[in-house]
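Position 1 is the first residue of the sequence; numbering continues from there. The analysis underlying the following values was restricted to heavy atoms, covering all of them including side chains, and did not include hydrogens, waters or symmetry mates.
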Amino acid sequence: MRKLEGYEEIGLIGYPCDGEYIAVVGTGAHSWLLGGELCESPDAALARQATALRRYYPDSASLVLATIVGDELVSIRDYETASRQTSPEFDYARRSLEERK
């Protein structure tokens with residue numbers, strides 16, 4: 001758990017709402033959030049968000065689900081791992097992302 005940096009807050013659509021964000025993190029020693037969006041429900045909407053979000057960031061960046069409470073980044077989960085544990089809509093988004101690469 002860590003405090004969000006100012007530039008991370010600016011890059012998150014829907015912030016300062018608490019919740020799950022579909023986001024992109026850069027590569028390197030730290031998991032800096034490059035940008036993202038507050039997750040919608042149901043899962044089909046999340047899959048659509050993930051597919052759209054990925055095209056705006058470098059190929060080396062990773063798609064994640066980030067939990068934010070207040071100004072704290074509580075957890076970051078790999079989108080690929082989360083997709084296998086939830087619903088078929090996540091698999092659809094993953095396949096769409098692979099096709100764009």
(request) Tell me, please, which residues at least two apart from Glu37 pass salt bridge (Lys or Arg N to Asp or Glu O under 4.0 Å). (result) none

(request) For Glu72 and Lys3, work out which heavy atoms get closest and say how close. (result) OE1-N, 3.6 Å

(message) Is any side-chain heavy atom of Val24 closer than 4.5 Å to one of Leu63?
(response) yes

(message) Nearest 0.5 Å, please: how far is CG in Leu33 from CG in Leu12?
(response) 5.5 Å

(request) To the nearest 0.5 Å, tell me how far Leu65 CG sits from Ile22 CD1. (result) 4.5 Å

(request) Kindly work out whether a path of hydrophobic side-chain contacts (I/L/V/M/F/W/Y, heavy atoms less than 4.5 Å apart) joins Ile13 to Leu73. (result) no

(message) I need the Ile76 CD1 to Tyr21 OH distance, nearest 0.5 Å.
(response) 13.5 Å

(message) Once salt bridge (charged side-chain N to carboxylate O under 4.0 Å, His left out) is applied, what residue pairs with a partner in residues 5-23 remain, sequence neighbours excluded?
(response) Arg2-Glu8, Glu20-Arg77

